[in-house]
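Report on the following structure.
Predicted model only: the values in this text are computed from it and were never measured. Start at 1 and go down the list; that is how both ligands and their atoms are numbered.
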Amino acid sequence: EKGGYDHFMLKEIYEQPNAIKDTYRGRLLANQGIIQMAGLEDNIEKFLHADRIMIVACGTSWHAGLVAEYVIEEFARIPVEVEYASEFRYRNPIINKNDVVIAISQSGETADTLAAIKLAKEKGAFVFGVCNVVGSSISRETNAGAYTHAGPEIGVASTKAFTTQITVLTMIALRLAKAKGTLSNSDFHRYLQELEVIPEKVAEALASTNEKAKEIATKFKNATNCLYLGRGYNFPVALEGALKLKEISYIHAEGYPAAEMKHGPIALIDEQMPVIVIAPKQGHYDKVVSNIQEIKSRSGKIIAVVTKGDTQVKGLADHVIEIPETSDALSPLITTIPLQLLSYHIAVLRGCNVDQPRNLAKSVTVE
Ligand code: M6R
């Protein structure tokens with residue numbers, strides 16, 4: 001049942017190239033310049049006339065929502081707000097008929113997300129679901145939606161659900177951008193082509209980073225704290241990396257936007273503190289490099305995720321993990337991979353129950 005893997009989590013990490021393909025199959029036709037998802041096509045006017053999009057979710061799905069905020073605003077120029085479903089539902093939020101709410105949930109059963117959807121509907125918003133489990137409560141409660149088609153996710157730590165959610169949300173952003181003319185034709189086509197080859201790049205990242213992640217895991221398995229830093233599209237990836245480590249290895253970890261480090265967490269840095277920095281070449285590379293220098297001058301241990309062929313960060317970091325290059329906006333689909341593997345190997349080395357971490361359930365059906 002685990003397909004030869006020791007754990008469901010590892011199996012699901014390795015399923016990502018195919019899961020992403022399943023997600024975009026029939027929806028992304030790169031050569032024809034088409035993106036089509038029935039649930040979106042049928043309701044596209046609602047999105048195009050939306051004053052704003054609100055995204056509600058919990059946990060890893062909330063992290064996918066943060067990536068979506070960056071992608072939708074950048075590509076389609078529609079204002080996006082992302083909120084924890086549990087906060088949204090209890091704070092008397094301002095929602096009206098011209099708002100589109102996107103609810104993201106792997107299981108489709110998360111109690112807070114379901115309640116947030118009901119509230120948004122009561123206030124007249126149009127609610128669009130991004131779920132993995134077909135026929136789940138959230139998929140039934142939403143007005144329309146798009147499934148991720150990742151296949152069953154058994155490990156409590158979400159992996160392929162995250163990357164397939166990002167895939168769906170990126171396709172939504174691209175489709176809206178096409179309708180609104182907010183991306184140039186050449187950029188639109190380039191992103192379609194790039195998205196189409198993401199599964200191959202994820203496969204390459206899996207093959208090229210696993211051994212390195214294992215080696216780094218042996219060095220840091222006894223850490224008690226860990227910081228994850230990223231900027232822009234990779235800030236949510238830092239949060240997700242930290243969540244993965246916390247939940248399966250029980251090491252305290254925090255994700256931060258790299259620039260926020262000097263507003264507090266920098267005080268934590270000493271020679272005991274591993275800092276995982278996501279530093280791909282695209283994006284705010286130079287800014288991240290200066291953050292790395294700040295960590296180094298305080299003797300922090302730097303583990304950097306860099307683009308293949310990088311030389312500058314290599315000269316500074318204690319450990320580097322190289323990943324294939326893609327554009328900034330799609331990079332979370334790749335940068336996430338080594339962070340999943342790192343958490344997995346650390347948890348295994350610590351003898352933790354990777355698939356069923358203590359105190360956690362696969363779907364949180366109580367608030
Ligand atoms: O099924 P959902 O996507 O609604 O679940 C949301 C969170 O409970 C979930 O992502 C949780 O944070 C995972 N254990 C993270 O790995």
Side-chain angles (χ1 to χ4, degrees), residues 7-13 15-16 19 23 55-68 82-89 101-118 120 127-142 145-169 228 236-251 253-255 332 336-337 339-344 346-347 352-367:
H7 299 95
F8 282 111
M9 183 184 178
L10 192 61
K11 171 173 178 267
E12 288 156 9
I13 289 173
E15 278 171 352
Q16 287 175 109
T23 301
I55 298 178
V56 294
C58 303
T60 290
S61 297
W62 182 77
H63 296 153
L66 287 180
V67 175
V82 190
E83 207 161 326
Y84 286 117
S86 57
E87 287 299 313
F88 178 88
R89 63 180 287 205
V101 172
I102 300 179
I104 309 171
S105 176
Q106 187 287 129
S107 62
E109 302 298 341
T110 301
D112 280 321
T113 309
L114 193 56
I117 292 165
K118 289 184 178 154
V127 186
F128 189 90
V130 175
C131 292
N132 192 41
V133 176
V134 176
S136 56
S137 304
I138 291 177
S139 68
R140 284 183 279 116
E141 194 64 42
T142 40
Y147 284 115
T148 42
H149 298 305
E153 191 183 66
I154 311 288
V156 164
S158 194
T159 53
K160 63 178 180 171
F162 180 63
T163 44
T164 55
Q165 286 164 346
I166 294 175
T167 303
V168 164
L169 293 157
Y228 285 74
V237 174
L239 297 180
E240 173 61 9
L243 176 62
K244 270 324 59 115
L245 189 69
K246 276 183 269 208
E247 67 180 334
I248 62 169
S249 76
Y250 318 140
I251 295 173
E254 297 214 42
T336 300
I337 304 299
L339 303 190
Q340 294 171 342
L341 290 167
L342 183 64
S343 303
Y344 172 79
I346 290 179
C352 298
N353 186 343
V354 173
D355 285 333
Q356 290 210 291
R358 67 186 183 202
N359 309 340
L360 285 167
K362 182 61 183 162
S363 50
V364 184
T365 53
V366 290
E367 65 170 288

Minimum heavy-atom separation for Ile138 and Cys131, please, with both atom names. CG2-SG, 3.5 Å
Work out which heavy atom in Tyr228 is nearest to a heavy atom in Ala253; give both atom names and the distance. CE1-CB, 4.0 Å
Shortest non-hydrogen contact between Tyr250 and Pro357, atoms and distance: OH-CA, 3.5 Å
May I ask you to list the atoms of ligand 1 that are less than 4.0 angstrom from any heavy atom of Ser105? 1 (O), 2 (P), 3 (O), 4 (O)
So, does Ser363 sit close enough to ligand 1 that a heavy atom of it is under 4.0 Å from the ligand? no
Ligand 1 and Gln165, any nitrogen or oxygen pair closer than 3.5 angstrom? no
Going by the atom numbers of ligand 1, which of them fall below 4.0 Å from some non-hydrogen atom of Ser61? 2 (P), 3 (O), 10 (O)
Yes or no on side-chain contact (heavy atoms from CB on, under 4.5 Å) for Glu240 and Leu339, after CA distance, side-chain angles and deciding distance? CA-CA 9 Å; Glu240 173 61 9; Leu339 303 190; over 6 Å; no
Proximal ligand 1 atoms for Ala157, defined as those under 4.0 Å from one of its heavy atoms: 16 (O)
Shortest protein contact, atom 11 (C) of ligand 1 (heavy atom only): Thr60 N, 4.2 Å
Of all the non-hydrogen atoms in the protein, which one sits nearest to atom 1 (O) of ligand 1, and at what distance? Ser107 OG, 2.6 Å
Can you tell me which residue and heavy atom of the protein come closest to atom 8 (O) of ligand 1, and the distance to 0.1 Å? Val364 CG2, 4.0 Å
Thr159 and Gln16: which non-hydrogen atoms are nearest, and at how many Å? O-OE1, 3.4 Å
Looking only at heavy atoms of Val156, does any of them come nearer than 4.0 Å to an atom of ligand 1? yes
In ligand 1, the atoms that come under 4.0 Å of a heavy atom of Cys58 are 6 (C), 7 (C), 10 (O)
Taking distance alone, with N or O pairs closer than 3.5 Å, would you say Thr113 contacts ligand 1? no
Of the side chain and backbone of Lys362, name the one, both, or neither that has a heavy atom under 4.0 Å from an atom of ligand 1. neither
Considering all heavy atoms of both residues, which atom of Val156 and which atom of Lys362 are nearest to each other, and what is their separation? O-NZ, 3.6 Å
For Lys244, is the nearest heavy atom under 4.0 Å from an atom of ligand 1? yes
Any side-chain heavy-atom pair of Ser158 and Lys244 under 4.5 Å: yes
Give the intermediate values and the outcome of side chain to side chain donor-acceptor pair (under 3.5 Å) for residues Ser137 and Glu109. CA-CA 6 Å; Ser137 304; Glu109 302 298 341; 2.5 Å; yes
Parallel, tilted or perpendicular for Tyr84 and Trp62, by the 30°/60° rule? parallel
Classify the contact between Glu247 and ligand 1 as side chain, backbone, both or neither, using a heavy-atom distance cut-off of under 4.0 Å. side chain
Shortest non-hydrogen contact between Gln106 and Ala161, atoms and distance: CG-CB, 3.3 Å
If you have a sec, work out which protein heavy atom is nearest atom 5 (O) of ligand 1 and how many Å separate them, to one decimal? Thr110 OG1, 3.5 Å
